[in-house]
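Here is the structure we will look at, set down as structure tokens.
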Amino acid sequence: MLEKTFDPKSVEPRLYAAWEASGAFKPSEDPNAEPFVIVIPPPNVTGSLHIGHALNNTLQDVLTRFHRMRGKAALWLPGTDHAGIATQMVVERQLAAQGNIGRRDMGREAFVDKVWEWKAESGGAITNQLRRLGASCDWSRERFTLDEGLSAAVRKVFVQLYKQGLLYRDKRLVNWDPQFQTAISDLEVEQKEVDGAYWHFAYPLADGVTYQHPIAFDDEGKPTEYETRDYIVVATTRPETMLGDTGVAVHPDDERYKGLVGKFVTLPIVGRRIPIVADDYADPTKGSGAVKITPAHDFNDFQVGKRAGLEVINILTVEAKLNGAVPAEYVGMDRFVARKAIVARAEEEGWLKEIEKTKHMVPHGDRSGVVIEPFLTDQWYVDAKTLAQPALKAVESGETVFEPKHWEKTYFEWLRNIEPWCVSRQLWWGHRIPAWFGPKFDGAANRASPNEFEIFVAETEDEARQLAYDHYHALRMERHDIDVLAGKPDSADFMKLLDRFWNHGGPIPIWRDEDVLDTWFSSALWPFSTLGWPEKTADLAKFYPTSTLVTGFDIIFFWVARMMMMGIHFMGEAPFKQVFINALVRDEKGAKMSKSKGNVMDPLILIDELGCDAVRFTLTAMSGQARDIKLSKQRIEGYRNFGTKLWNASRFAQMNECVRVEGFDPATVQQPINKWIRGETVKTVAEVTQALEAPAFDEAAGALYRFVWNVFCDWYLELAKPILNGDDAAAKAETRATAAWALDVILKLLHPVMPFITEELWGKTAEFVGPARDTLLISAKWPELPAEWIDAEAEAEIGWLVETVGEIRSIRAEMNVPPSAKPALSVVGAGPETKARLARHRDLLLTLARLDSAREAEAAPAGSVPIVMGEATGALAIADFIDLAAEKARLTKEIAGHAGEIDKVNKKLGNPDFLARAKEEVVEENRERLAEAEAAKAKLEAALSRLESVG
RNA sequence: GGGCAGUUAGCUCAGCGGUAGAGCGUCUCGUUUACACCGAGAGGGUCGGGGGUUCGAUCCCCUCACUGCCCACCA
């Protein structure tokens, strides 16, 4: 006998082990099996499973299990991401907590070793948590973004892009994170609104220049009054940057300042003479219309500086402290301390004109949370604009489809306005950039330039060395020809340097770039690097491109778009056929879950409390499209109850010896209820299959829920009871076999969503009764049932029965007829069909509606209550319980309801336009509706008048 | 400033041209041997406002309002 309730805690680990041991997680090797492939969005190796992962991975598992059961070679490829900054942070924190020396004291190699140590110990946490979720990943193919193979792929991609001119080194402003002291990409910058101010500074004009500044205006905005100024006002939100100002810009058409273009101001504190330039960037309507230009510390100013040929003066250190380029008293000062100091000094010296309090957006590092500084450095950039074009085309053409479709707009928007991608990071944990530097020889000066280098990009150091050799050798030959042969005397030093490398006999003195790559660089290769690229592996041939990517919208830019770019560029084909964007999980009030708010729901705790299946079903059912998921525990409990319901239905089946019969053919069933449930099962299979193909997870879950609970349990099992308890051996045997069959189909359909309880029942039902199962449920075949098994007649008949029972129950409840009372039902005016149905299902009617009898009659007995039964009228003899007034009210209300319906339909049918233009079947449907409503109304009116004549 | 999404029963959401639905919650009744993590029944909505298209609009179009998110913006 099945236990009274399902115990997930003991079952889940056992079944997971059984699945894994059976080899079911590996894709079928049947050469005819069509592949179905999902690559997991690799969670950070530092991560632990949160509810978002639970949703995302549940959906992937549902798809994988579904397609596996359908006979596809289903591969769900798992892995983790090395997560550069995040992991480096975790390990640094751990080192600090253990009282170890810091990263910098430890040195790069030792630190990286520590990170690997940490990874070996703690890095597997999240994959074990995925197992607890029931994830049927092929663990034998698990990858890590920093493993040997993926590192080789990264090097190859880097070198190829470099050779193709799609990756280059450039000196420009980057988003600099002073906490981690690394560049970050635009995407890693978060704009946050903070309280700030515009500080208006008066910069004195140099060389005794003055001008007339308008101070009063007429109604048309024309200046009427001027004052003479020997200064120009600029405003800033970052006063400390003024130390790096190298110009002031005004709009070329700004009348106020026309005369000042080409003049100079004397920068306060610094004393630098800087020009006033004309540039469209200056907006006459903003502030004073004049803007200070700090090319080294502002993206816009950098551009203005470039156009106007302004000097670029970097005033910050990597820690965002003021460097030696500023007056001595500020050197080494923190940027925010300097801000205050400068404002104080401006006030003191009288050039602070105004402080305008304001809120404005300030860029912050998404990991560090500190304010980002635009900072002038050399970094590596990917030419994203070029790579984006085919990625755009792939989605435009439908090669790759987003689901829901509207996310394509987001994808397009970003790719169409894409900027170069800064991929170098000044970190230690990550893929070290395969680029080597060598001295650059300045031909004119004939010596190695201290700040410029030759770059040699290669997959290995040996290759880089070879490149360097070739380069310097060619250079040596060339210079030899040009300079030495031409007898130029100043060639000597230059040649000496080159000769030193050669004649020394030692290796070419090149050194490797210290930087590592953005974590997302390796993630971008995930769909093909994990399958073995650049090797031509069997997996790569079979499983690329993948089928569906399931991920959150928050990483469409970070990850999806970049995989599209890299996948198409290196594989010639987009990496996915479909991108399914899942919703964001929020708490029950709709707030984003966060540790600081304390509203985090830990999926592992929920699994402990309510079982994995309940959590999975909830997430599946709630994964409607394009919306946040507001998750409440109550909801999960509801689906836990659903599992229990299924469990109990199975117990019922078992108690009633509903044994699977080998070779049972549902096509042969005779009993109406069996024909009916057979048809309902067929419909559900079709519905669930279609929903999972789309995929529309919520629809699949909804269809399963309704079928199992509201159809199979509420009606089929109830309808089966009289037969199962009756004497008709043939009917009993047929019903037992049908019930067992339907239950098997249910287990299969439900398995992708609720793998544990269904697998357990699959095993248990075979253990107690029926023939042994030849496979685990995970490997069972998805049902395919013929549409002919839907029997319209059985459907109509059971529909009639269900409706009649419902009517009677409703009246009993409304009239407060006690459950113990068993009234008689008289059926008046029945046609042959109703008579036949009444005869066939009399027992069921008596049981389900708790009746004493149900017979045909000539007329309704006095004091009975009418029920519409198609063409016939049922009369329920509950005279003893009737409150006359209440019954009159009930009838009146029902009659009014029908009257309203009749009015509405009559209006429609009376409209000639409707008759002329509406579809024929719609008109017909309305005619039928009218007839039905009129008949029902007539019956109830007759009953009401009888009641009134009595009363 | 630009873009996207949403606004349907108390709550959470489905429906997306032809009779307004589900789950939860609420109320009433019920220990009939699968299940109280249950069963039966009931109440509850002028489908955000205003226009338009249509024989017909919750559904299509326009517009307004509100909510959420993304991108841009440090004078």
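By convention in this document, chain letters (A, B, ...) are assigned in the order of the sequence lines, proteins followed by strands, and residues within each chain are numbered from 1. Nothing here was measured: the structure is a model prediction, and the numbers come from that model.
- Nucleic acid contact class of A:R651 (heavy atoms, under 4.0 Å, all strands): sugar-phosphate only.
- When the P atom is used for both B:U26 and B:U32, the distance is 24 Å, rounded to whole Å.
- In this structure, the nucleotide among B:G18, B:C55, B:C38 sitting nearest to the side chain of A:N641 is B:C38.
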Go along nucleotides 41-46 of chain B 5' to 3' and tag each nucleotide: B for a protein heavy atom under 4.0 Å from its base, S when only backbone or sugar atoms are that close, - otherwise.
-> SSS---
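- Partners of A:K907 according to the side chain to side chain contact (heavy atoms under 4.5 Å, CB included) rule, which considers only residues two or more places apart in sequence or in another chain, do not exist here.
- We find the NE2-OH distance between A:H251 and A:Y257 to be 13.5 Å, quoted to the nearest 0.5 Å.
- Side-chain polar atoms of A:H200 and A:E356 form a donor-acceptor pair below 3.5 angstrom.
- Within 4.0 Å of A:P363, counting heavy atoms only, lies at least one base atom of the nucleic acid.
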Apply side chain to side chain donor-acceptor pair (under 3.5 Å) to A:S185 and A:E188, showing your working.
-> CA-CA 5 Å; A:S185 75; A:E188 290 159 279; 2.9 Å; yes
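- Residue A:H406 has its side chain nearest to B:A5 when only B:A5, B:A34, B:C55 are considered.
- Within 4.0 Å of A:E637, counting heavy atoms only, lies no atom of the nucleic acid at all.
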For RNA chain B, the dot-bracket notation using Watson-Crick and G-U wobble pairs below 3.5 Å, [ ] for pseudoknot-type crossings and | for other-strand pairs, is ((((((((.[[[[.)..(..]]]].(((((.......))))).....[[[[[..)....]]]]])))))))....
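- Of the candidate nucleotides B:C55, B:C24, B:C35, B:C24 has the atom lying nearest to any side-chain atom of A:Q634.
- A:L646 comes within 4.0 angstrom of no nucleic acid atom, judged by non-hydrogen atoms across all strands.
- In this structure, A:E718 reaches the bases: a heavy-atom distance under 4.0 Å links it to at least one base atom across the strands shown.
- Distances from the side chain of A:Y705 to the nucleotides B:A34, B:C35, B:G23 place B:G23 closest.
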